[in-house]
Asks: 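Before I ask anything, let me first share the structure, which is written out below as C-alpha cells.
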Amino acid sequence: MSILAKKIPLFNSPAKSSKPHPKKKKPAYVEVNSDDNLNGRKKRPLTGNTNATNYTKQPQAQSTPPRKKQRLANALDVLQEQRRQLPIAKGKEALVREIREHDVTVLLGETGSGKTTQIPQYLLEAGLADSGMIGITQPRKVAAISLAQRVSSEQGTPLGGLVGYAVRFDDVCGPDTRIRYMTDGMLTQELLGDPLLSRYKVIIVDEAHERTLRTDLLLANLKRILKARNGGTDGKGKRKEGNPLKVVIMSATLDAEKFSDFFYNAKIIYVKGRQHPVKIHHCVQGQTDYVDAAMRTFFQIHVDQPPGDVLIFLPGQEDIESLQKSIERLANQLPPNHSTVLVVPIYAALQTNATKAISIPAPRGVRKCILATNIAETSITIPGVRYVIDTGKSKENRFLTGSAGGGFETLLTRDITKSSAMQRAGRAGREGPGYCYRLYTEEAFTAMAPTAEPEILRCNLTQSILQLLCLGQDIQELDLMDAPDVDTVSSALRTLFILGALDSHRELTPIGRKMAAFPLNPVHARALIASKEHACTAEVLDIISVLEASSTLFVDVADKRTAIADARRKFIHPAGDHLTVLNASRAYQAVGGSDEDEKVDKISRSARKEWALAHFVNERTLREAASIRKQLQQRCDREGIDWRVSCGEREEPVLLSLAYGLSQNTALITPDGSYKQTIGQAVVKIHPSSSMADVKVPAIMYDELVYTNQIYARGVSSINKSFFATIGALNRREA
DNA sequence: TGGGGATTT
C-alpha cells in the first residue's frame, strides 16, 4: 500500500458502503446515444444465417432437418419474447400512428430502447413501406451489419432476404429485401443514380446527433426530396400524388429540437431506454496531469472496490502507452492479497484486432483495465465494465484553410463535450449498476459545450463538393442544418481548380467528372488519372490504396523503435515515403504467392500475418488496401484505364503522376535547411515518422500537413524541381 | 522527433 499512501486520493472515500443509486432515485445521467447493446453478445445469433462470415449474396433455400427446425422455432419464440420486453414495445401503436400521420418524425431514444431494430419492423408490419423499401442509415459499417443480422434473425429470415444491409464492398440485399440497413455514405451515393430515392418509402436516419458530414448532406437532400415527393413537408402542404416519403430522424436528446426546427417543427417523440444507473463522481479539484490522476484513481478503485473491469478514456496512443507502463509497474508492487491487473490498450492504429482481446473475460481474480481512446465511445462495445475513469480529454481534428496551400489539419488535445462525457459514463452501466470517476470538477462539466460541432464545420470539403457538383448541387445553395465556412468552401474550390476538376466558371471539367467516378480523395483521383498517361497505373493504384485505408501502414510503438527501424530498412526507398509504401505493400503481396485470383489459402494467410507482425506493418491496413484496390480496379475498367500497366523499376513516372495530385502540397528547401511551401507561406517540418525526416533534398511533395506542436508534413517524397513547378499549370491546361 | 474516430455507385 505504500505506493498509494504517498498520494492524496482524488476522490473522497469512494465508499465501500456507497451503493449505486437505488432504483427510485434516477441517476444523474443516462446514456442516450446508441443502442448497440441490442446486438451485444448476450443475445447470441440464433441461426447460421446471422453469422457475419457465413452469408451468401443470395438467400439460401435451406432444407432444414425437423429437429433443427424445432430448435429454430423455439429460438424464434425466445426472440419474439425479447422483442415484446423492450421498452419501445409498449408504445408501438402510438409510434406507428405518429409516423403514419407525419411526413417527418424526430425520435429521441435512449440506449436500450430498441428503436433502431424495432421501428423498421413495426413500420413494415403496419404497411407503411407499401410495396417499397425501408432504409435505415448508420454512420458506421459495423453497426449497419450487426443491426441487419439481429433484425433478420428476429424476422426468422436469412440475411439478404427480407432484411439486408449495404456497406462499401458489401451489399447483402436481394429481390425480397424490404428493410435495408446501410451506411449514410451508401445512401448519399444512391442519390447519383436516383435523385429522389424513389425506391424507399421510409428513410430512417439513425445517430443523427453525431452530425457526420455524410449525415448532414443526406438530411439536406431528404428535405429536398420531401418537397419533390410530398409537396408539403409537415403533412400540411399540398399533397402530391404518387410516391410520398416518410422520414424518421433518430437522435440523442441534447439537440433534438434542432432537427425538428430543420424539418419545419417536426413532431418529437421520446422513447425511454433501459440502462443501469451509473453513479458519477467528480473531482474536487481540477487535474493538470490527467495520466497520473487516472493512474491514482485506478489503484484507488482496484484496492477499495469490488471486482469489475475498469475502462479509462484517454486522448491518444502516447498517453495509453505511458499509462499502461506505469499501471503494470505499480500493480507488480502490490501486496499479493490483491488481485492481479490485466491492462488492455485499445486504439484504432493498433495492429492486432483489439475487439478480440476485449471480449475475452478476465479470469477469476484478475481485474481487467482497458485503456481506450474515444474508439470505445461509439465504435466498440466493451462488456464487463463496471468502472469508468474519464480524463475529460480527447483529440480533435480540425481543418484549417488559411494560406497554406491546400490547408492543414490540426490535431490537438481538447476538453470533451457534455454529450461525450455522458456517453463515456454510460459505458459503465451496460450490464449492471456502475461508477464513473471524472477527473474534472462538476463546474468543468457544466462548462463543457453540449455537443460537438458538426463535422461539416470542421473538415476538408473538397471531395464532398466534387460529389455534389456531380449531382448538380452547389454546397452554398444547399439547405443544410449548418452552412460550412466560406473559407473552407473557397479553399476546396481552389483545390479542385488547381487539380483541373473545375474550370474558371466553376463548371465541372471532363477530368473532374472522371475524378468523381472514383471513391477517392480528389488528390488521389487526380494522381490515378495521371498514371494512365505516364503508364504506371499498377504502381499508383498500389500506393493510393494504402493511403486511402483508414489506418496507417507502419506500426509505431514507442519502446520498440530500434527494432522497427531495423525491420523497415529494407523497404525504404531513397525517393521517400510513397515508394517506401509501394515496396512494403508489394513485399506483403508476394508472401504466400500473388493474390490476384483471390485464392490466398489458409497457409498463405497465416504466413502473411506472421510476416506483417515481424515487419511492424499493420496487416489490417493492407487487407483494407486490397479491398480498395480491387474496387478501384473495377472502376478503372469502366473508365477505360488499364490498371495492369506497370512502369517496372522506373520511379520517375510514379512520382510525376502523384505530383499531379499533390501539386498544392509541395515545398522547397531554404538556405537554413527548413522547407517552405510553394503555395502559401508556412514553414513545414518533415514528420519524424517519415523516411525523409533526416534527409535534405531540394524539393518535396507530401500527402498532408498536420499541426500538433509544429506544422508537420506527412507522407513525404523527394521531387524533381524541374517538373513540379509547372505541374499546377499542367493540370489546368489539360482540363 | 510523434496521428482521436468514422466513411465512399
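Every chain is numbered from 1, with letters handed out A, B, ... down the list of sequences.
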Asks: Parallel, tilted or perpendicular: which describes the rings of Phe445(A) and Tyr440(A), with under 30° parallel and over 60° perpendicular?
Replies: parallel

Asks: Which residue lies toward the 5' end of DNA chain B, His687(A) or Pro519(A), if each is placed at its nearest nucleotide?
Replies: His687(A)

Asks: Check whether any side-chain N or O of Thr183(A) sits under 4.0 Å from OP1 or OP2 of dT8(B), and answer yes or no.
Replies: yes

Asks: Does a salt bridge link Arg180(A) with Glu190(A), judged by any charged N lying under 4.0 Å from a carboxylate O?
Replies: yes

Asks: Do the side-chain N or O atoms of Asn397(A) get closer than 4.0 angstrom to the phosphate oxygens (OP1, OP2) of dG5(B)?
Replies: no

Asks: If you count every heavy atom of other residues, nucleotides or ligands that lies below 6.0 Å from Asp694(A) atom CG, does the total exceed 12?
Replies: no

Asks: As a test of reading the structure: which of dT1(B), dG2(B), dA6(B) is closest to the side chain of Pro688(A), going by heavy atoms?
Replies: dT1(B)

Asks: What nucleotide among dG5(B), dT7(B), dT9(B) has an atom nearest to a side-chain atom of Arg638(A)?
Replies: dT9(B)

Asks: Tell me if the side-chain of Arg561(A) makes a donor-acceptor pair with the base of dG2(B), cut-off 3.5 Å, by modelled atom types.
Replies: yes

Asks: Just how far, in rounded Å, is C1' of dT9(B) from CD of Glu639(A)?
Replies: 11 Å

Asks: Nearest to the side chain of Ile375(A), which nucleotide is it out of dA6(B), dG4(B), dT9(B)?
Replies: dA6(B)

Asks: Under 4.0 Å between any heavy atoms, over every strand shown, what does Gly193(A) touch: base, sugar-phosphate, or nothing? Just pick one.
Replies: nothing

Asks: Between the base of dT1(B) and the side chain of Gln710(A), is there a donor-acceptor distance below 3.5 Å?
Replies: no

Asks: So what does Lys685(A) touch, heavy atoms closer than 4.0 Å: a base, only the sugar-phosphate, or nothing?
Replies: nothing

Asks: Looking at Arg211(A) and Asp482(A), is there a salt bridge between them, counting it only when a charged N and a carboxylate O are closer than 4.0 Å?
Replies: yes

Asks: Taking any heavy-atom pair under 4.0 Å as a contact, classify Thr552(A): base, sugar-phosphate, or nothing.
Replies: nothing

Asks: Looking at Glu318(A) and dG4(B), is any side-chain donor or acceptor paired with a base atom of the opposite kind under 3.5 Å?
Replies: no

Asks: How many Å lie between CZ on Phe518(A) and P on dT9(B), as a whole number?
Replies: 13 Å

Asks: At under 4.0 Å between heavy atoms, what does Ala516(A) touch on the DNA or RNA strands: base, sugar-phosphate, or nothing?
Replies: base

Asks: Please tell me which of the listed nucleotides, dG4(B), dA6(B), dT7(B), lies nearest to the side chain of Asn374(A)?
Replies: dG4(B)

Asks: Please give, in whole Å, the distance from dT8(B) C1' to Ile628(A) CD1?
Replies: 10 Å

Asks: Looking at Tyr712(A), does any N or O in its side chain come under 4.0 Å of the phosphate oxygens OP1/OP2 on dG2(B)?
Replies: yes

Asks: For dT9(B) and Gln631(A) - does any side-chain N or O of the residue sit under 4.0 Å from the phosphate oxygens OP1/OP2?
Replies: yes

Asks: Distance check needed: dA6(B) P versus His209(A) NE2, whole Å only.
Replies: 15 Å

Asks: When the distance from CE of Met186(A) to C1' of dA6(B) is rounded to whole Å, what number comes out?
Replies: 16 Å

Asks: Specify the residue among Ala549(A) and Arg398(A) whose closest nucleotide of DNA chain B lies further upstream toward the 5′ end.
Replies: Arg398(A)

Asks: Without decimals, in angstroms, what is the distance between Phe554(A) CZ and dG2(B) P?
Replies: 20 Å

Asks: Is Arg168(A) side chain donor-acceptor paired with the dT7(B) base, going by distance under 3.5 Å alone?
Replies: no

Asks: Tell me which nucleotide among dT9(B), dG4(B), dA6(B) gets nearest to the side chain of Lys395(A).
Replies: dG4(B)

Asks: List for me each residue that meets side-chain hydrogen bond (donor to acceptor under 3.5 Å, both in side chains) alongside His578(A), sequence neighbours excluded, and say none if there are none.
Replies: Asp703(A), Ser717(A)

Asks: Can you measure Ile320(A) atom CD1 to dG4(B) atom C1' for me and round it to whole angstrom units?
Replies: 9 Å

Asks: Do NZ/NE/NH1/NH2 and the carboxylate oxygens of Arg398(A) and Glu453(A) come within less than 4.0 Å?
Replies: yes

Asks: Counting any heavy atom closer than 4.0 Å, what does Asp184(A) reach on the DNA or RNA strands: base, sugar-phosphate only, or nothing?
Replies: nothing

Asks: Do other residues, nucleotides or ligands put more than 12 heavy atoms under 6.0 Å from the CD atom of Glu318(A)?
Replies: no

Asks: When we call it a touch if two heavy atoms are under 4.0 Å apart, what does Glu396(A) touch: a base, just sugar-phosphate, or nothing?
Replies: nothing

Asks: Think Thr212(A) has a side-chain N or O under 4.0 angstrom from the OP1 or OP2 of dA6(B)?
Replies: no

Asks: Please state how far atom CG in Leu350(A) lies from atom P in dG4(B), giving the value in whole angstrom units.
Replies: 12 Å

